[in-house]
Amino acid sequence: MTRVWKWNRPVTVREVLEDLQQERSIAYTTVMTVLDNLHQKGWVRREAEGRAYRYEAVSTRAAYAAALMNDAWSQSDNPAAALVAFFGMMSPEQREALSDAVRMVQGPENPASSQNPNPPENPEENPEQNPDENPDSSRAEDGR
């Protein structure tokens with residue numbers, strides 16, 4: 001899967017074989033069997049091209065990793081404790097990546113919403129009003 005994800009395009013058994021052979025000796029049939037197994041498991045799709053197939057990843061590596069984490073987390077009898085333990089294992093760089101991911105999921109921050117998480121129901125209310133001020137006192141002075 002690493003090779004298929006790395007190229008991010010449909011690949012043939014021969015292309016994967018030639019790439020792997022730069023690191024070690026491996027048989028064509030071994031690569032073909034592995035790619036066929038990945039196809040049967042639904043990790044890659046394939047399309048015939050002449051007498052061979054081109055294999056393409058069904059999802060990204062990031063989506064696969066996310067699914068693994070979700071599976072592991074959902075099997076916990078205490079998800080909060082599992083997350084705390086997981087965060088405790090993270091390096092500072094990983095925690096920073098997590099913070100970045102949370103910010104991306106939440107979208108751009110609205111300064112008003114980050115200062116006042118519970119906005120007033122009445123839009124005429126002034127959230128910046130000093131709590132010592134009585135809004136009705138100015139009306140009384142005006143004779144309203």
Side-chain angles (χ1 to χ4, degrees), residues 1-139 144:
M1 277 308 299
T2 300
R3 297 304 199 268
V4 177
W5 281 321
K6 180 176 90 172
W7 289 323
N8 196 27
R9 62 171 175 79
V11 296
T12 63
V13 171
R14 176 78 48 207
E15 289 173 319
V16 175
L17 173 72
E18 289 172 357
D19 192 46
L20 287 170
Q21 284 180 333
Q22 293 176 11
E23 298 171 14
R24 62 180 182 197
S25 176
I26 190 167
Y28 181 94
T29 53
T30 302
V31 176
M32 184 174 61
T33 299
V34 169
L35 285 170
D36 186 58
N37 289 340
L38 290 171
H39 176 257
Q40 289 178 26
K41 291 179 180 183
W43 290 23
V44 296
R45 64 179 143 261
R46 67 183 180 192
E47 190 173 316
E49 183 177 282
R51 292 177 42 198
Y53 287 108
R54 282 204 172 268
Y55 295 86
E56 183 177 19
V58 169
S59 67
T60 65
R61 186 177 210 151
Y64 173 70
L68 284 177
M69 289 186 284
N70 189 54
D71 271 355
W73 185 46
S74 66
Q75 292 178 25
S76 173
D77 59 346
N78 187 342
L83 282 175
V84 169
F86 179 62
F87 297 156
M89 294 178 205
M90 291 178 151
S91 69
E93 294 80 16
Q94 289 170 321
R95 283 193 293 274
E96 182 63 29
L98 175 64
S99 295
D100 292 344
V102 168
R103 280 192 293 274
M104 288 189 322
V105 169
Q106 290 176 338
E109 280 194 53
N110 179 348
S113 67
S114 64
Q115 291 174 2
N116 186 3
N118 299 317
E121 290 183 27
N122 182 351
E124 293 180 7
E125 290 181 24
N126 182 357
E128 301 298 322
Q129 184 175 16
N130 183 338
D132 294 332
E133 293 178 6
N134 181 352
D136 294 325
S137 64
S138 63
R139 290 187 183 133
R144 292 187 212 166

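For the single chain, residues carry numbers from 1 onward in sequence order.
- Contact detail for Val13 and Met32: the closest heavy-atom pair is CG1-N, 3.8 Å.
- From Tyr28, atom OH reaches atom CD of Glu18 across 10.0 Å, with rounding to the nearest 0.5 Å.
- To the nearest 0.5 Å, atoms CG (Asp100) and CZ (Arg103) are separated by 4.5 Å.
- Counting non-hydrogen atoms of other residues, nucleotides and ligands closer than 6.0 Å to CD of Glu47 gives a total of 12 or fewer.
- No close placement of the Phe86 and Trp73 rings is indicated, their centers lying 6.0 Å or farther apart.
- Remark: Arg95 CZ to Leu98 CG distance equals 9.5 Å, nearest 0.5 Å.
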For this session: Decide side-chain contact (heavy atoms from CB on, under 4.5 Å) for Trp7 and Val16; before the verdict, give the C-alpha distance in whole Å, the side-chain angles of both, and the deciding distance to 0.1 Å.
Result: CA-CA 10 Å; Trp7 289 323; Val16 175; 3.8 Å; yes
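- Between the CE atom in Met90 and the CD atom in Glu96 there is a gap of 11.5 Å [rounded to 0.5 Å].
- Inspection of the Asp71 and Gln75 side chains reveals no N or O donor paired with an N or O acceptor under 3.5 Å.
- Counting heavy atoms from C-beta outward, Leu35 and Arg46 have side chains that stay 4.5 Å or more apart.
- Note: Thr2 OG1 to Leu20 CG = 9.5 Å, rounded to the nearest 0.5 Å.
- Counting only distance, with no hydrogens or angles, the side chain of Trp5 and the backbone of Ser59 share a donor-acceptor pair below 3.5 Å.
- The aromatic rings of His39 and Tyr55 lie perpendicular to each other, with more than 60° between the two planes, well past the 30° mark.
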For this session: Could you walk me through whether Val4 and Glu56 pass the side-chain contact (heavy atoms from CB on, under 4.5 Å) test, one step at a time?
Result: CA-CA 7 Å; Val4 177; Glu56 183 177 19; 5.6 Å; no
Problem set entry | Working for side-chain contact (heavy atoms from CB on, under 4.5 Å), residues Val11 and Arg3 | CA-CA 9 Å; Val11 296; Arg3 297 304 199 268; over 6 Å; no
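- Across Ser76 and Pro79, no two heavy atoms sit closer than the pair OG-N, 3.6 Å.
- Distance CZ/Arg54 to CZ/Arg9: 6.5 Å, rounded to 0.5 Å.
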